[in-house]
*Asks:* 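Structure in structure tokens, see below.
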Amino acid sequence: MSEYVKRIMPYGSCDILETQQWLEEMSAKGLHFVSSGYFFAKFRKGEPKQTRYRLDFCDVIAGDIPEEKREMYEASGWEVIGDYKSDSVVVCTDDPEAVEIYTDAKVLAKPMRKLGAKHLAYWIVVLIMLGYVYVGPLDEVILGKISMVSYLLEIGTGRFIWTCFLMLAMLAELAAHFVSWRRLKRLRKVLAASGEMPACKPGRIRKAIGKVVTPLSVPVLILSVAQLFVMLVMLNGVSYGTAIDDRTSLPFPMLEEIDQSCTIDTEWSWFAEDTDIIANRILRYDEDFSIESSDEARLCYRLKYYDMRTAKMAEKLYDDLVSGIVEDDELQHARQMTTIYELNDAEITFAVEKASEYETGTNQYMVIRNGTQVEYIYYEGMQDLSDYTKLYVDRLNGEV
Amino acid sequence: MARKKFSTLTEPMFYLLMSLRGGRKCGIDISDYIMERSGGRVKLGPGTLYALLPEFEQEGYIKYVGIEGKRKLYELTPAGEKAYNDELARLKRCIDDAEEAKKDE
């Protein structure tokens with residue numbers, strides 16, 4: 001049987017008094033603090049003892065205090081055990097006569113302010129970072145650059161619910177740590193006024209919340225990082241939706257039908273189907289290819305197909321995709337919106353870049369809406385995409 | 001004008017300056033001196049002492065003069081001597097006032 005046990009630490013770095021009391025309670029149960037990681041504390045099993053534990057957060061660098069200070073503690077009857085979440089050092093004594101480590105607690109006010117600021121800054125940065133990644137282009141919705149339709153399309157049903165869950169969990173974490181920071185601030189004011197460390201009186205509810213919310217930061221942080229990883233993978237296009245093998249009866253032409261001189265580089269090919277909260281069907285089809293006569297250049301064909309749940313949503317998505325081409329053009333390309341017209345009830349926008357970044361092909365864009373269906377095509381190659389407009393529309397109408 | 005940080009010394013601060021009047025000392029020696037001189041009455045925790053030393057140094061009351069092993073040595077400065085004497089005079093006046101008040105009763 002192991003000599004040691006691990007316990008989830010129910011309190012954060014700012015909960016000085018609560019942590020001290022918790023360590024004393026554990027010691028009274030025969031579990032004596034040895035060390036701590038970020039989430040777990042290690043205890044050595046032994047006889048129950050009435051040990052006084054104190055957290056020292058002054059002069060702590062990389063989870064340790066200066067050697068001279070350590071000597072002073074030992075000379076005063078205190079044993080330096082180890083760090084607590086790298087922010088504090090745990091010291092303890094079994095001697096009831098040992099002088100408190102801080103007899104004039106006023107000197108703690110300044111380091112306490114630093115500890116609180118560090119703690120708060122950390123959680124704000126976490127919230128901003130994760131919030132931005134999760135919420136994604138919501139700022140573009142607020143600024144009116146895209147509609148809510150496009151925003152929701154980028155999230156997807158399953159991921160949207162999952163993201164909402166994680167966001168709520170992160171907000172709960174932030175709220176808990178903010179409360180903790182507020183308590184530290186109040187404690188600092190009490191110290192500045194009285195110079196004495198008050199007794200710890202954690203309410204039952206406060207203690208219960210602390211014991212639930214603080215350990216929650218473990219799964220929430222792990223899941224958030226996992227979510228970030230998954231999103232990055234998805235953004236890179238490695239995985240999105242379900243791969244499609246059957247390529248018959250598609251609502252758009254494949255690359256071979258557009259450009260017969262191409263040699264498909266299958267390493268960069270992917271084709272997947274998905275469904276969404278506002279779209280019955282989403283197809284994504286990417287092919288990178290080279291021209292038979294010139295193997296050096298790698299060109300590409302990217303297509304997104306959406307069958308939206310309502311025609312109104314399809315109209316909004318169409319507008320967003322068209323304005324996206326225009327705005328992108330204003331920023332960096334000499335992109336010319338040559339055609340906006342209708343064909344067999346379909347609404348079509350075609351754009352071609354005057355000066356291509358590549359010598360081999362021309363960058364061309366086409367957005368088509370037909371009822372609830374919307375297609376966004378990006379083609380970089382030798383053909384003129386507008387020659388195939390009718391083919392695209394016919395495929396959308398299911399006529400070919 | 002900036003407010004003087006230690007306009008009135010607390011008892012442990014006063015004993016800290018007192019300890020350095022006898023020559024340079026490190027933190028542990030200061031602690032031992034205070035314990036011995038006050039007969040254990042004045043309590044100065046190791047954390048508080050370690051925090052006070054750089055504050056007194058910053059205030060110009062003491063100065064760091066070297067290192068002995070891993071222990072920093074400090075000695076009293078003229079400003080520290082003055083602060084000590086001022087506080088001593090203030091305490092004496094307090095005692096005189098208390099004595100006179102007792103006579104008047």
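Letters go in sequence order (proteins before strands), and every chain restarts at 1.
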*Asks:* Find the one option among Lys110(A), Arg54(A), Glu68(A) whose heavy-atom pairs under 4.5 Å with chain B are most numerous.
*Replies:*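 Option with the top pair count is Glu68(A).
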
*Asks:* With a 6.0 Å cut-off (strictly less than), is the heavy-atom count around NZ of Lys6(A), excluding the residue itself, greater than 12?
*Replies:*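 Atom NZ in Lys6(A) is not crowded, with 12 or fewer foreign heavy atoms closer than 6.0 Å.
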
*Asks:* From Met72(A) CE over to Asp29(B) CG, what is the distance, rounded to the nearest 0.5 angstrom?
*Replies:*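 Reported value, rounded in 0.5 Å steps: 10.0 Å.
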
*Asks:* How many angstroms lie between atom NZ of Lys43(B) and atom OG of Ser76(A), to the nearest 0.5 angstrom?
*Replies:*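 The OG atom of Ser76(A) is 12.0 Å from NZ of Lys43(B), to the nearest 0.5 Å.
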
*Asks:* CG of Leu52(B) to CG of Asp104(A): how many Å apart, nearest 0.5 Å?
*Replies:*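 It is 6.5 Å, given to the nearest 0.5 Å.
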
*Asks:* Does the side chain of Cys58(A) come within less than 4.5 Å of Tyr50(B)'s, by heavy atoms?
*Replies:*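 Not touching, per the 4.5 Å side-chain cut-off.
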
*Asks:* If you count the non-hydrogen atoms of other residues, nucleotides and ligands that lie under 6.0 Å from CD in Glu74(A), is the total more than 12?
*Replies:*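 Count over threshold, so yes.
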
*Asks:* Going from NZ on Lys69(A) to CG on Leu49(B), what distance comes out if it is rounded to the nearest 0.5 angstrom?
*Replies:*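 So the NZ of Lys69(A) and the CG of Leu49(B) are separated by 10.0 Å.
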
*Asks:* Starting at CD of Glu100(A), measure out to OG1 of Thr48(B) and round the result to the nearest 0.5 Å.
*Replies:*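 Those atoms lie 9.5 Å apart.
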
*Asks:* Can you tell whether the side chains of Arg71(B) and Glu71(A) come within less than 4.0 Å, N to carboxylate O?
*Replies:*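 Glu71(A) and Arg71(B): salt-bridged.
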
*Asks:* Tell me, yes or no, whether the heavy-atom count around Lys25(B) atom NZ, taken from other residues, nucleotides or ligands under 6.0 Å, exceeds 12.
*Replies:*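 More than 12 heavy atoms, drawn from other residues, nucleotides or ligands, come within 6.0 Å of this atom.
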
*Asks:* When only pairs under 4.5 Å are counted, which of Gly27(B), Pro46(B), Gly40(B), Gly45(B) shares the most heavy-atom pairs with chain A?
*Replies:*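 Most heavy-atom pairs under 4.5 Å with chain A: Pro46(B).
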
